[in-house]
Every structure is written in C-alpha cells, then in structure tokens.
Amino acid sequence: MNQFQYVQPAKSKAAIDTVTKDQTAMFIAGGTNLLDLMKRGIVTPEKLVDINKLPLKKIQKENGAVRIGALALNGETAEDKLVLEKHPLLSQALNAGASAQLRNMATVGGNMLQRTRCPYFYDTALPCNKREPGTGCGALEGYNRMHAIFGHSEKCIAVHPSDMSVALAALDATVLVSGPKGDRKIPFADFHRLPGDTPHIETNLQKGELILAVDLPENPYTKNIHYLKIRDRASYAFALISVAAALDLDGSNIRSARLAMGGVAHKPWRLTEAENFLAGKPATETTFRQAADLAMRGAKAFEHNKFKLKLGPNAIVQALKNAAGVA
Amino acid sequence: MAVEKDLPHTCSQGEKGQCPNEARRDFLKYSSILTAFAFMPNMAVKAADLKLEEKLVSAFEKVNVTLNINGKKRKLSIEPRTTLLDLLREQLNLTGTKKGCDYGQCGACTVHVDGQRVLSCLSLAAMQDGKKITTIEGLADGHELHPMQAAFIKHDGFQCGYCTPGQIMSAVACIREGHADSDDEIREYMSGNICRCGAYPNIVNAIKEVKNGGQKV
Ligand SMILES: Cc1cc2nc3c(=O)[nH]c(=O)nc-3n(C[C@H](O)[C@H](O)[C@H](O)COP(=O)(O)OP(=O)(O)OC[C@H]3O[C@@H](n4cnc5c(N)ncnc54)[C@H](O)[C@@H]3O)c2cc1C
Ligand code: FES
Ligand code: FES
C-alpha cells in the first residue's frame, strides 16, 4: 500500500474542505472496499479523511421518510426495527451481501460507492477504461461471465456489485449530500451513471461531496417483498443476478409493483416498464412471466454471459412469486 | 511500523535493548522508508516541485492511538497504513489471528472490536483509537478454555487449524448475535469464514453444542 496521510476531522465541513481542495484525498468510512483497492494499487490516495467521527450514524423517521445515516453499518441497518418494519426489502438485500463480519464494518454510504468486481478492473496488468481511461475494455472480448447485459457501452461492460443499492433503487430512495457548494438531494435513479464514454466516472457525486444520509419515502411495500440473489455459492459471493421485488396486493390483484435488478448493469437496474405492466393485473405466474419478458427487452449479452438472458427473466418470475406468496 | 510507548517491550530473549526483535524493528523502519520512497516517485517529485515537503513528511507521521487489547491498555504510535491484522501479528506478536487472504475474502483474521466481529485485514489500526480488541488469545479465561474452544476440540472442528482462530471468534459472535438457531442459520452467518479443509459440518456441530448447552459465551 502506498504511504498516505491520515486525518480524522470532527466536523463535516472540515472533511468536505479537505477532500475538495486536495486532489489526492479521499473519504474513508468502513474501509472494506477502499483498503482492498489500495492494497492492490488500484486506488492510490495520498490522504485519507476518516469520517467516522462525524454524526452520521442515526436511523430515524424524518417527515414520513426513514432517514438512514451514511455511517449506519450494513449489519445494524439490516436489523434496525424501523427498517424491518417499513422497508424489509432493504433489510433482505443487505443481509444477502458480503459476510457478517463485513456487514459489521461496511457503511451505507460506502456500500453505494463500492467499485465494480470486474476482474479486468482488479488486475492492474490488464487493460481497463475504468481504472485507466483509454487503455480499452479487457472484458469486451475477454472473460465476461459476470458482466452487464443492459446499458453497457463499447468502453465498459462492468456491473455494479452492490445488493443494497438494488433495493434502494426499487424503493425510490433519495441520497442527501453536502459539498463545497452546499447541500443537495440526488434521486437514487440519478446517483449512479451508465458507462458511456466515461466509465471511470461512476456516480454524479462531485469531488468533495459527502453523503450524509439516504431517505426512503413511506410506501406500501412492507409485506409482499423478496430479494432474490443468485450466485456461484450459497452465501458470501457477489450476485450473478439479483432481483428486488415488491408488491402491493389487493387480495390477489396487484395495486402496484416495484422491481429492480442487480448484476446486470453498470448501475442498479430499475424495471419501470415491467412495474407499470404489473399494476392492476392479477398476481399470477402468467402475469409475472409477461412482465419479465418485458423487462428483458433490449438485453444484449456477450460470449460468456448469455446465460443471463435466461436466468434474468426466470429470476424476476421467481422473485415476484416469492413476494406474492404464489407457489 | 508501530512503536510501543510506555510499555516494557515484549521480547522474551536477551537483554532490553539487544532484543533481536528490536533490531529487526529498526531495520524494518528504515527499509520501509526506503521502500516507500522507491514506490513513490510521483509524490516525491511533486512535493519537490510544489514545495510540499511538509506534506511529504506528514505522510510518514505516525498516529498515536490507545487500544485495549485483550484487557490490556496499549499506547501505540502507528504508521497510518498498518492494518489491525499486521499490528497484532507483526508488532504485538499476537500471531493467533491469521492472515489468509489479506483482502476480506476468507475470515481467518476475524477479531472482535467493541464486541463485534470484524475483519482485521481490512481495518486500519489507526482507525481503532479507544476501541476494545479481543483476539483468540484473549478468549480463554486463564487456563480455562472458552466453551467454544473446547467444543471445537471435542467435535474435531478443524484439520490444519489455519482458519480456526477466525472460525472460533466468528462462532462466538454468531451465538451472541442470536444467529445460531438452526443449522441453516449457522451456515449462513458463518459463511464469512472459509475452511480449506472442509471442517464445516463439525464446526456447525460445535456451535450447536455451545448454543444448546446454554453456557455463557
Ligand atoms: C469479500 C467481500 C465480499 C463482498 N460481498 C458483497 C456482496 O455480496 N454484496 C455487496 O453489496 N457488497 C459486498 N461487498 C462489498 C461491501 O459491501 C463494500 O465493500 C462496503 O459496502 C463498502 O462500504 P465501506 O463503508 O467499507 O466503504 P469504504 O471502503 O470506506 O469506501 C468506499 C468508497 O466510498 C467512499 N465513501 C465512503 N463513505 C462516503 C460518504 N459518506 N460520502 C462520500 N464518499 C464516501 C470512499 O471514499 C470510497 O471511495 C463485499 C466486500 C468484500 C471485501
Ligand atoms: S485475511 Fe482477512 S479475510 Fe482473509
Ligand atoms: S481447518 Fe484447515 S482451513 Fe479450516
């Protein structure tokens, strides 16, 4: 690991100022992604701004929404009473991620900003436009089993690895940030970016902007929900495909639905068209299958991830069946 | 490198001041500075260009922390990039905690920080100021094994033993957290600890026994 200077400010403003002014400075929260990348020489900050002394840990009600502090740990958030009562889908998604130890360290803010697990990004000897713009995408013609089927570009076909973010996308979250130019709110759909020509820019967060919290608006998705994660082993592995499904049922009819997928794109992939289709339909396997087919429109696979074109719709159907309690 | 302050140093052989560890420590201190320079041409050049010597110096500055490790208070001065795992193993000679992967993927380095299980390989020691750290060395009560240690022996919860300290620290936490109510739950909440030897069924049995025995963990 390269040498770096370590600072632990007590105020958000000092933390923001330091990262804004110093090109080589970065925030560190749980450190579970950043330290991994630093050890491998993929990210090389010369100053680490430890934000753990900032008061950003609380989970509370705020104008009807549930506000989760950026420093709330993944594990404690998953088991938080308010989260379990109001947004159990988020709890399921969090518990599907990493391991108990990592969830005790990882924060909600850090989780959203974790980098891709693409092996070409991780291997500094191989080309990767995300790590080193202009070097090319090694995965495009390489081993691309874990890679995207939606929203990819010639420059990058990596996927966003977070489970938590898939649930946040489905639940219409808003990210609260504070930066050199003041505070602002970013709707979750606009938080992460597609790769386009600039895969090294992964979110719309500006240099020096600190995530303060994430807000989840009140919604009816407290009962018929399911986070389905499909991976190479039963636990402690990243998703090949995941689906966050939430239904508001009136008997056996769907009033409204929320659906998002993980492991398929450079950002959590919200399935709005399928959601709209489901509204007002009966909660049956037939409807779920039609919705899944709609959701998969426009998918494009590569040499090694063609299986995702089949696994994707099947996963959507299964997640919806589990959410609805349909056998 | 951490340098222990206010502490009789832990060398067991030789007179104070002639301890082989101390010489080694000094050597590492110098060599790590040299290595750091070798790896940091950018920074050194930039610093010279921009007259940022101060910043360059501060990159080598140590961070002072006070840790409670297995019930003992330790005042340490730590280089920022030292992980908690390296601090324990390399500087404090607490080698019970194992380094398997060093990247958060195996669980061999699991310790408790303020009672919660975490991975010491992905924790910076400098970020643990004021915290209470428990390692496998701090689990037994004197010569009395912790019930989980005893159960691992009874149930053959290991073969080579490399993953075992991490497994045991994780297993204790698993019960304390209330995640040991069924075989499936134990498997899920122990999934962060990989065992190359495949001792998994016996590990589950050991945990079940401690859980069902109702002993205090
Ligand atoms: C072996 C392993 C398996 C894993 N498996 C999974 C999995 O299955 N599913 C999953 O979702 N995740 C998984 N993870 C990833 C894990 O969830 C992330 O590493 C973690 O959530 C990152 O959070 P952190 O607080 O540790 O972030 P850090 O490592 O501290 O930071 C990550 C990034 O976010 C920035 N940052 C952090 N907080 C803020 C803030 N408040 N404002 C602005 N910037 C900030 C940092 O500067 C850094 O760039 C796994 C990790 C490992 C090591
Ligand atoms: S050594 Fe820390 S998880 Fe493997
Ligand atoms: S006992 Fe050998 S790795 Fe677990």
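Reminder, nothing fancy here: chain letters follow the sequence lines and each chain counts from 1.
Interface remark: B:C109 contributes no atoms to any contact with chain A (heavy atom separation under 4.5 Å). Of the atoms belonging to A:L48, it is side-chain heavy atoms, and not backbone ones, that fall under 4.5 Å from chain B. Neither the backbone nor the side chain of A:N33 comes within less than 4.5 Å of any heavy atom in chain B. Looking at B:I194, only its side chain comes within 4.5 Å of chain A, counting heavy atoms on both sides.
No side-chain heavy atom of B:L119 sits under 4.5 Å from any side-chain heavy atom of A:T32. The closest side-chain heavy-atom distance from B:L122 to A:D36 is below 4.5 Å. Between B:M127 and A:Y6, the closest side-chain pair of non-hydrogen atoms falls below 4.5 Å. Side-chain contact check for A:Q5 versus B:V63: every heavy-atom pair is 4.5 Å or farther apart. For the pair A:Q8/B:D129, no side-chain contact is recorded, criterion being any heavy-atom separation below 4.5 Å from C-beta on.
By the 6.0 Å contact criterion, NZ on A:K21 is open, its count of non-hydrogen atoms from other residues, nucleotides or ligands being 12 or less. More than 12 heavy-atom neighbours from other residues, nucleotides or ligands sit within 6.0 angstrom of CZ on A:R40.
Judged purely by atom type and a 3.5 angstrom limit, A:N104 has no side-chain atom pairing as donor or acceptor with the backbone of B:Q116.
Atom OG of B:S123 and atom CG of A:L35 lie 8.0 Å apart (nearest 0.5 Å). Here B:Y189 contributes atom OH and A:Y236 contributes atom OH; the two are 15.0 Å apart, rounded to the nearest 0.5 Å. In this structure, the separation between CG on A:L102 and CD on B:Q105 is 9.5 Å, given to the nearest 0.5 Å. Separation of atoms CD (B:E188) and OG (A:S99) is listed at 10.0 Å; rounding is to 0.5 Å. Note that CG of B:L124 and CD1 of A:I28 are 5.0 Å apart. Values are rounded to the nearest 0.5 Å. From A:R233, atom CZ reaches atom OG of B:S191 across 7.5 Å, with rounding to the nearest 0.5 Å.
The side-chain tip of B:R81 does not point at the ring of A:F4 from less than 6.0 angstrom away and within 45° of straight on.
Contact detail for B:C121 and A:K39: the closest heavy-atom pair is O-NZ, 2.7 Å.
Contacts with chain B were tallied for A:S235, A:G41, A:G30; A:S235 has the most, counting heavy-atom pairs under 4.5 Å.
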For this session: Take A:M105 and B:R117 through the test side-chain contact (heavy atoms from CB on, under 4.5 Å) and record every step on the way to the result.
Result: CA-CA 9 Å; A:M105 309 164 72; B:R117 51 173 157 166; over 6 Å; no

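Under the 3.5 Å distance criterion, with hydrogens and angles disregarded, a donor-acceptor pair is assigned to the side chains of B:N193 and A:Q101.
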